[in-house]
There are 2 protein chains.
Amino acid sequence: MKKDTRQEILEAARTLFNQYGYNGVSLRDIADAVGISKGNLTYHFSKKEDIIEGLLNAEKMTLPPAAPGTIAELDAMFIDMQKAVESHSYFFLHHAQLAQVSESIRQKQSRRYKIIWPHFYKSFASLRDNGFFRPELFPGEYDRLVDMLYMTMIYWAPFSRLQQSAAGRGMDFRRHIWGALYHLLTEQGRAELAKILTL
Amino acid sequence: MKKDTRQEILEAARTLFNQYGYNGVSLRDIADAVGISKGNLTYHFSKKEDIIEGLLNAEKMTLPPAAPGTIAELDAMFIDMQKAVESHSYFFLHHAQLAQVSESIRQKQSRRYKIIWPHFYKSFASLRDNGFFRPELFPGEYDRLVDMLYMTMIYWAPFSRLQQSAAGRGMDFRRHIWGALYHLLTEQGRAELAKILTL
DNA sequence: GTCTATAAACCGATAGAC
DNA sequence: GTCTATCGGTTTATAGAC
């Protein structure tokens, strides 16, 4: 088994960034976590910025091949997204902080939005065509709701912390988002949702 | 005219934090912006953390005395909120980052949530009683929608930047939020909204 | 590839003169 | 109140031996 130091560095960095944010982690922290010297670290990544770039490049965006067309499929996508957000919270939790690190990172964030947004939108249209979602009440309603969904996805982690410390109990991402989208569901859609989730 | 150095420091710090975030601004940056020495700065604020605390304490939370009971009143509250987000973007743009600075700040954020949340909730109930909002589709629907509203409020700033750079155009906070709440409106509510805003 | 050593800069915070 | 000077620590990044 070959030790891939570069990979170990990326993994350790991801864990640390998840917890403390980009600015809160030093190169020494990362080197210590991997168990290598600081000099060795900069042999693999000459600049700190390169580490987070490498992290973002290594991460493959896992999107279902086709936009979800049933309630269960969309729900499965929510579950996947929640997992992705948890394991890559460095990216989501410190979204604004990260955007300032470099122009390249800011562009990656925008690109992600550009890719995921239409996927959600197509899913909404598909669910409507399949009779699970009601039509738009006005032109552009789906646009707002997809934005709302994306926003909930990326900021759920810090928000739920706020919620938890204030109200004493946290709300589950999945239940929250289905609750906020419930008005979109037709009778048929509600029946499907009831099979997999009780609000 | 008496120079209030303490006040000048707070203003300069607010401007810098707005732009670069708490971690991205050093005491030297602030001192230079005010035109005083670093030593003088720490005479007024012995720790960096004290500066942001002073900033948060100076800001008075402007809430209407009674929860909005009409569409126009709620809309006015949205406009106020949008202004607050713009002028205190240091707080909103780096909301998640700020929570990690100190326990005291995290508590302030939670307290704000605890105060504003019921205000929104009462407003929703009042608008329902007045015939502008439809009743809940299931118990707890208003809870989710108020959370969605609060989330939009605090994370609108970073999200709209993402949107802007990705889609080339920014969406107005007020139009976004009314679009996402449109399904709540009764016929009467829609007529009221049409008087002040076209979606 | 990995290490030690260190440069060069910056950080927050303090001491003390005026 | 405001300043200069500086401490002690940390940061990113580089140089060079092995």
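Letters A, B, ... are given to chains in the order of the sequence lines, protein chains preceding strands, and every chain is numbered from 1. Note that this is a predicted model, so its numbers are computed, not measured.
Checked for salt-bridge contact, Arg106(B) and Glu103(B) meet the test: a charged N lies under 4.0 Å from a carboxylate O. Look at Glu11(A) and Arg14(A) and you find no salt bridge, because none of the NZ, NE, NH1 or NH2 atoms lies under 4.0 Å from a carboxylate O.
Taking atom CG of Leu41(B) as the reference point, atom P of dA13(C) lies 10 Å away to the nearest angstrom. Per the geometry, CD1 belonging to Ile36(B) stands 12 Å off P belonging to dG1(D), to the nearest Å. Whole-Å rounding puts the Ile9(B) CD1 to dG1(D) C1' distance at 11 Å. In this entry the distance linking CG of Asp32(B) with P of dC3(D) reads 11 Å, nearest Å. When rounded to the nearest whole Å, the span between NE2 of His44(B) and C1' of dC3(D) equals 12 Å. Rounded to whole Å, the distance from CG on Asn23(B) to C1' on dC10(C) is 15 Å.
Dashed line: the shortest gap from a side-chain N or O of Asn40(B) to OP1 or OP2 of dC3(D) is under 4.0 Å. For Tyr43(B), no side-chain nitrogen or oxygen approaches OP1 or OP2 of dT2(D) to under 4.0 Å.
Both tests hold for Lys48(B) against Tyr22(B): distance to the six-membered ring centre under 6.0 Å, angle to the ring axis within 45°. Under a cutoff of 6.0 Å and an axis angle of 45°, Arg175(B) and Phe78(B) do not form a cation-pi pair.
Using bins of under 30°, 30° to 60° and over 60° for the plane-to-plane angle, the ring pair Phe159(A)/Tyr155(B) lands in the perpendicular bin.
In summary, the side chains of Gln97(A) and Asn23(B) do not present any donor paired with an acceptor at a separation below 3.5 Å, with no hydrogens or angles considered.
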**OP:** Encode nucleotides 12-18 of chain D as B, S and - characters from 5' to 3', where the letter depends on protein heavy atoms closer than 4.0 Å: B to the base, S only to sugar-phosphate, - to neither.
**Re:** BBB----
